[in-house]
Peer 1: 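Quick one: structure below, then a few questions.
Computed from a predicted structure; not experimentally measured.
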Amino acid sequence: MAKKEKHFIEVKFLDLKEKFKAGELTTEEIDQITCEMIAELAVLSESGITMIGKTSIDLYKDRVWWIVEKAGLLPEYKDEDDDIGEEDEMEDNYYKDEFEEVEVDDSDFYKENLEF
């Protein structure tokens, strides 16, 4: 009985994983390989493929993404609050300002002859 040939994603991932753990790849090489793998996995997913061998394609996506994160390829996460610079911040003057008195005609709010 002939040994079943591994899927190209399996081969490419195992090679990437070994070289990544050994520190044999530059950041640029890791970026290139992971970008290619993400694109290939996307095409496979769009084609309706859910398994590669006996492994879920989603697991391969997670594994590649893990390497992307560990290699430091993602930009630093900034919360929406982090985007506000000191010059952009609003100053809270609510309690500092003098309030202007405004007269309100409240005659419309009160009806003298209410009938129930």
Side-chain angles (χ1 to χ4, degrees):
M1 184 154 54
K3 185 176 179 183
K4 186 177 177 185
E5 200 171 305
K6 288 187 177 185
H7 192 276
F8 73 94
I9 289 290
E10 290 178 284
V11 174
K12 197 168 188 174
F13 177 75
L14 289 173
D15 185 51
L16 170 63
K17 182 176 122 180
E18 288 173 15
K19 289 180 178 179
F20 177 73
K21 283 187 174 183
E24 297 174 6
L25 299 171
T26 65
T27 304
E28 290 79 19
E29 291 171 323
I30 296 168
D31 186 34
Q32 179 67 34
I33 294 168
T34 55
C35 284
E36 290 170 4
M37 289 194 71
I38 290 169
E40 291 166 350
L41 288 164
V43 169
L44 291 172
S45 291
E46 288 176 347
S47 301
I49 294 174
T50 58
M51 300 294 285
I52 296 175
K54 294 182 180 181
T55 306
S56 165
I57 195 168
D58 291 336
L59 184 56
Y60 278 104
K61 292 175 190 176
D62 288 341
R63 289 172 175 173
V64 172
W65 194 252
W66 182 86
I67 291 176
V68 168
E69 289 177 329
K70 291 298 177 189
L73 298 175
L74 298 174
E76 184 177 326
Y77 176 76
K78 287 188 175 187
D79 197 0
E80 289 179 13
D81 295 338
D82 294 342
D83 291 340
I84 298 175
E86 287 182 26
E87 65 276 354
D88 296 336
E89 285 187 35
M90 268 180 71
E91 186 176 336
D92 183 9
N93 294 323
Y94 185 80
Y95 294 106
K96 294 178 186 174
D97 292 341
E98 293 293 320
F99 291 103
E100 178 183 326
E101 285 204 28
V102 177
E103 286 193 37
V104 176
D105 180 16
D106 59 356
S107 62
D108 290 337
F109 297 108
Y110 300 102
K111 303 284 185 193
E112 290 182 26
N113 296 325
L114 293 176
E115 293 182 28
F116 293 97

Peer 1: Got a second to check how far Thr26's OG1 is from Lys19's NZ, nearest 0.5 Å?
Peer 2: 11.0 Å

Peer 1: Is there a side-chain contact between Glu40 and Lys12, using heavy atoms and a 4.5 Å cut-off?
Peer 2: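 They are in contact (side-chain heavy atoms under 4.5 Å apart), so the answer is yes.
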
Peer 1: With sequence neighbours excluded, what pairs up with Glu69 under the side chain to side chain donor-acceptor pair (under 3.5 Å) test?
Peer 2: Trp65

Peer 1: Applying a strict under-4.5 Å side-chain criterion to I, L, V, M, F, W and Y, I'd like to know whether Leu41 and Ile49 cluster together.
Peer 2: yes

Peer 1: What are the two closest non-hydrogen atoms of Thr55 and Leu59, and how far apart are they?
Peer 2: CG2-CD2, 3.5 Å

Peer 1: When you group the ILVMFWY residues by side-chain heavy-atom contacts below 4.5 Å and let the links chain together, are Val64 and Phe8 in the same group?
Peer 2: yes

Peer 1: Let me see the working for Ile57 and Ile9 under side-chain contact (heavy atoms from CB on, under 4.5 Å), right down to the final yes or no.
Peer 2: CA-CA 9 Å; Ile57 195 168; Ile9 289 290; over 6 Å; no

Peer 1: Treating Ile, Leu, Val, Met, Phe, Trp and Tyr as nodes and any side-chain heavy-atom pair under 4.5 angstrom as an edge, say whether Leu16 and Val43 lie in one connected cluster.
Peer 2: no

Peer 1: Quick one: CD on Glu28 to CG on Leu73, what's the gap to the nearest 0.5 Å?
Peer 2: 9.0 Å

Peer 1: Heavy atoms only: give me the nearest Phe20-Leu25 pair and the separation to one decimal.
Peer 2: N-CD1, 4.2 Å

Peer 1: Decide yes or no on side-chain contact (heavy atoms from CB on, under 4.5 Å) for Ile67 and Ile33, but give the supporting numbers first.
Peer 2: CA-CA 10 Å; Ile67 291 176; Ile33 294 168; over 6 Å; no

Peer 1: Using 0.5 Å steps for rounding, measure from the NZ atom of Lys54 to the CD atom of Glu10.
Peer 2: 11.0 Å

Peer 1: Could you see if Trp66 belongs to whatever hydrophobic cluster contains Ile30? Use Ile, Leu, Val, Met, Phe, Trp, Tyr and a side-chain cutoff under 4.5 Å.
Peer 2: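 Both belong to a single hydrophobic cluster.
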
Peer 1: Look at Asp58 together with Lys61 and state whether they make a salt bridge at an N to O cut-off of under 4.0 Å.
Peer 2: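 Yes, this pair counts.
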
Peer 1: List in chain and number order the residues that pass side chain to side chain donor-acceptor pair (under 3.5 Å) with Gln32, two or more places apart in sequence or in another chain; answer none if no residue qualifies.
Peer 2: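 Once residues adjacent in sequence are excluded, the partners of Gln32 under the side chain to side chain donor-acceptor pair (under 3.5 Å) criterion are Glu36.
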
